[in-house]
Trainee: 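Quick one: structure below, then a few questions.
Atoms considered below: every heavy atom in the structure, side chains included; atoms not considered: hydrogens, waters and symmetry mates.
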Amino acid sequence: MTINNGNNSSNDNAERLDFVRQIVADDIAGGKWPKAIATRFPPEPNGYLHIGHAKSICLNFGIASEFGGTCNLRFDDTNPTKEEDEYVKSIVEDVKWLGWDWGKNLLFASDYFGQMYDWAIKLIKKGKAYVCDLSADETRAYRGTPTEAGKMSPFRNRSVEENIDLFARMKNGEFADGAKTLKAKIDMASPNFNMRDPVMYRILHASHHRTSDQWCIYPMYDWAHGLEDSIEKITHSICTLEFENHRPLYDWFLDELGIHHSQQIEFARLNLTYTVMSKRKLLKLVQENYVSGWDDPRMPTISGMRRRGYSSEAIRNFCKTIGVNKFKSTIDLALLEHCLREDLNKTSPRVMAVLNPVKVVIDNYPQGETEMLVAVNNPADESAGTREVPFSREIYIERDDFMEDAPKKFYRLTPGREVRLRYAYFVTCTGVIKDDDGNVVEIHCIYDPETRGGDSPDGRKVKSTIHWVCAENAIDAEVRLYGNLFTKENPEDGEGEFTENLNPDSLKVLNNCKLEPYLKGTDMLSRWQFERLGYFCVDADSTSEKPVFNRTVSLRDTWTKVKK
RNA sequence: UGGGGAAUAGUGUAACGGUAGCACGAGUGACUCUGAAUCACUUACUCCAGGUUCGAAUCCUGGUUCCCCAGCCA
């Protein structure tokens, strides 16, 4: 079966299904689930969402919407020692920003603690669970090794009555943290460690961000997750590869309980070059101040990317492009940037900005005069219209657009050469003024009044067009240029910690940037293309006196390749 | 030296016994009032060895390599 999910551009070609969608399609075709299919995205609120989560979000919500099902946003909040409400808020915001809708189903595993407790009692009564007094160290020792079976806990054969009593007292807080656990009674000789009497509950006298001090015991992932899926009548429980070994246990709990049994399907998590993706590592970057926070624009977090200027459309297209598979792969960051530019090119209005200004004086232009010239807002979108840009005798151009001794391949401004000032005039460089150290501080030009608007009536051509900003009306701005956070494709490479591969030049702040006046008072997060430079967005640090722009991504640049 | 997974151009992903295709990247050229975008072309792939078959990336056998698992984390 193939489906066509509407917003794909490849016309009549039905999209091929990835292996997860294939399973869902087959299940529907075979009538396995008489009602609509149901998926869920189950984050633990112990960190911010990142681009890897976006892959999972797009998979789960995407499948639900393509197959006429539903997708719940469910917090897997079973470990109060690591979870916080701040994370819940950010996750809700990020999923929403990505454009997905969970309807009324904003759910919490902690709401099911009562039901889970009852089911644990049921297993105890069936003789399939017991209270164990072994310490964490002892439990590890009893578990055995890959080649040797584990040993049975001396507490494995307590009576049902004693287990029920002890378990109730665990719940009531009569025992210290770690003193006892509830374990499933399965098979200490199983080659799969997860089946060697896994812990179902541990004692934790910790305050939970939602249930406060109501519970002294908290369920472990393996016990809790399938129950959560079952309660919500999830049909396809999609998770990452490392849970493949856990599937027999997932199935065992649901079968022993005889309750709704959803199918667990595992896919490979996303890896991206030049970035780390584990929450532990991202947390370290935040806590040890390698970055300014979870939403630092260099972070692969959804909030960081949003602040950097990514559109949710670009992220969703990326997730669609990379596909879904069962083996470890690492996506080239260039593909993410391609998806970004593809969207931004269509949607971002163009504007002129000079990041590294040098003054140009047009000697034959009338002193004290200013005129308005018409500029196109977005050549990729005619409906974006035009705007007026002021021009006068003194302007700024990019320092990189001038060279005194230019190589043959350099066709920007150089003494004696005529170039076009975008939407303005042809100008010819007549000379430069330098300071004592030989740095160019001012460039002198003459202009051709006949070329107003940027075209020459005599049909003469210029080799290049450069951008500029009128000196008198320029807005001063700060611009932040971001590079890769790490210097290595795989930040784990090398013998040291991954933080040793941090790129010291991942942030460059430019304080003397000049923007055309059209940009005055622009909205937070609004996205622009600075012509010939890249895509930029307004940062939250902007003030009315000084706007701050983030460079989302540069334009593709064959010139720097030519320079080699 | 136990168990569970997986291998297709540089990267990612299709092909479901019948022409190994697509995207990104890289390269070349065209066009251009953004050295952008756009367009055209080029480049390069089935982990290995056997077998079944008219025909194998696909099925079988045996190997190789990589990933995951011994938290009272998820």
Trainee: Under the rule for side-chain hydrogen bond (donor to acceptor under 3.5 Å, both in side chains), what residues qualify as partners of Asn194(A), not counting sequence neighbours?
Mentor: Asn192(A)
Trainee: Output all residues satisfying side chain to side chain contact (heavy atoms under 4.5 Å, CB included) with Phe193(A), sequence neighbours left out; order by chain, then residue number.
Mentor: Arg143(A), Pro146(A), Arg196(A)
Trainee: Taking the side chain of Ser329(A) as its heavy atoms from C-beta onward, which of G27(B), G12(B), U34(B) lies nearest to it?
Mentor: G12(B)
Trainee: Suppose the criterion is salt bridge (Lys or Arg N to Asp or Glu O under 4.0 Å): which pairs have a residue in residues 174-185 of chain A, not counting sequence neighbours?
Mentor: Asp133(A)-Lys180(A), Arg169(A)-Glu174(A)
Trainee: Which listed nucleotide (U34(B), G35(B), G5(B)) is nearest to the side chain of Leu555(A)?
Mentor: U34(B)
Trainee: Base contacts versus sugar-phosphate-only contacts with protein, heavy atoms under 4.0 Å: please encode nucleotides 64-74 of chain B as B, S and - from 5' to 3'.
Mentor: ----BSBSBSB
Trainee: Restricting to pairs with a member in residues 325-334 of chain A, which pass side-chain hydrogen bond (donor to acceptor under 3.5 Å, both in side chains), not counting sequence neighbours?
Mentor: Glu244(A)-Lys326(A)
Trainee: Report the residues that fulfil salt bridge (Lys or Arg N to Asp or Glu O under 4.0 Å) with Asp85(A), sequence neighbours left out, ordered by chain and then residue number.
Mentor: Lys89(A)
Trainee: Side chain to side chain contact (heavy atoms under 4.5 Å, CB included) with Pro349(A): which residues, sequence neighbours excluded?
Mentor: Trp528(A)
Trainee: Kindly write out the residues that satisfy side-chain hydrogen bond (donor to acceptor under 3.5 Å, both in side chains) with Tyr130(A), not counting sequence neighbours, or none if the list is empty.
Mentor: Asp197(A)
Trainee: In whole Å, measure the gap between the C1' atoms of A74(B) and U42(B) for me.
Mentor: 48 Å
Trainee: Can you name the residues that form a side chain to side chain contact (heavy atoms under 4.5 Å, CB included) with Tyr274(A), not counting sequence neighbours?
Mentor: Leu333(A), Asn484(A), Glu489(A)
Trainee: If I pick the P atom on G50(B) and the same atom on A36(B), what distance separates them, to the nearest angstrom?
Mentor: 49 Å
Trainee: Taking the same atom, C1', in G10(B) and in A26(B), what whole-Å distance lies between them?
Mentor: 9 Å
Trainee: Name the orientation class of the two ring planes belonging to Trp215(A) and Tyr117(A) (parallel below 30°, tilted from 30 to 60°, perpendicular beyond 60°).
Mentor: tilted
Trainee: C45(B) and A40(B): how far apart are their P atoms, nearest whole angstrom?
Mentor: 24 Å
Trainee: Ignoring backbone atoms, test whether Thr330(A) places a side-chain nitrogen or oxygen under 4.0 Å from the OP1 or OP2 oxygen of U11(B).
Mentor: no
Trainee: Just N and O in the side chain of Arg532(A): are any of them under 4.0 Å from OP1 or OP2 of G35(B)?
Mentor: yes
Trainee: Quote, to the nearest angstrom, the C1' distance that separates A56(B) from C48(B).
Mentor: 16 Å
Trainee: If the P atom of C59(B) is compared with that of A6(B), how far apart are they to the nearest Å?
Mentor: 12 Å
Trainee: Please state the C1' separation for the pair A9(B) and A23(B) - nearest whole angstrom.
Mentor: 12 Å
Trainee: Lys563(A) vs Asp400(A), test: salt bridge (charged side-chain N to carboxylate O under 4.0 Å, His left out). Steps then yes/no.
Mentor: CA-CA 12 Å; Lys563(A) 277 195 295 187; Asp400(A) 284 352; 5.5 Å; no
Trainee: Identify which nucleotide among U13(B), U1(B), C16(B) has an atom closest to any side-chain atom of Gln22(A), counting heavy atoms from C-beta outward.
Mentor: C16(B)
Trainee: Which value, in whole Å, describes the distance between the C1' atoms of nucleotides A14(B) and A57(B)?
Mentor: 11 Å
Trainee: For a quick check, with a 4.0 angstrom heavy-atom cut-off, what is the B/S/- contact string for nucleotides 38-43 of chain B, read 5' to 3'?
Mentor: ------
Trainee: Once pairs are restricted to Watson-Crick or G-U wobble with both distances under 3.5 Å, how does RNA chain B read as a dot-bracket string, [ ] for crossings and | for other-strand pairs?
Mentor: .((((((..((((....[..))))((((((.......))))))...(((((..]....))))))))))).....
Trainee: For residues 342-351 of chain A, pull every pair meeting salt bridge (Lys or Arg N to Asp or Glu O under 4.0 Å), keeping only residues two or more places apart or in separate chains.
Mentor: none
Trainee: Look at the side-chain N and O atoms of Lys561(A) and state whether any lies under 4.0 Å from the OP1 or OP2 oxygen of A26(B).
Mentor: yes
Trainee: Think His467(A) has a side-chain N or O under 4.0 angstrom from the OP1 or OP2 of U34(B)?
Mentor: no
Trainee: Can you figure out which of U34(B), C24(B), G35(B) approaches the side chain of Ala334(A) most closely?
Mentor: C24(B)
Trainee: Parallel, tilted or perpendicular for Tyr48(A) and Trp294(A), by the 30°/60° rule?
Mentor: parallel
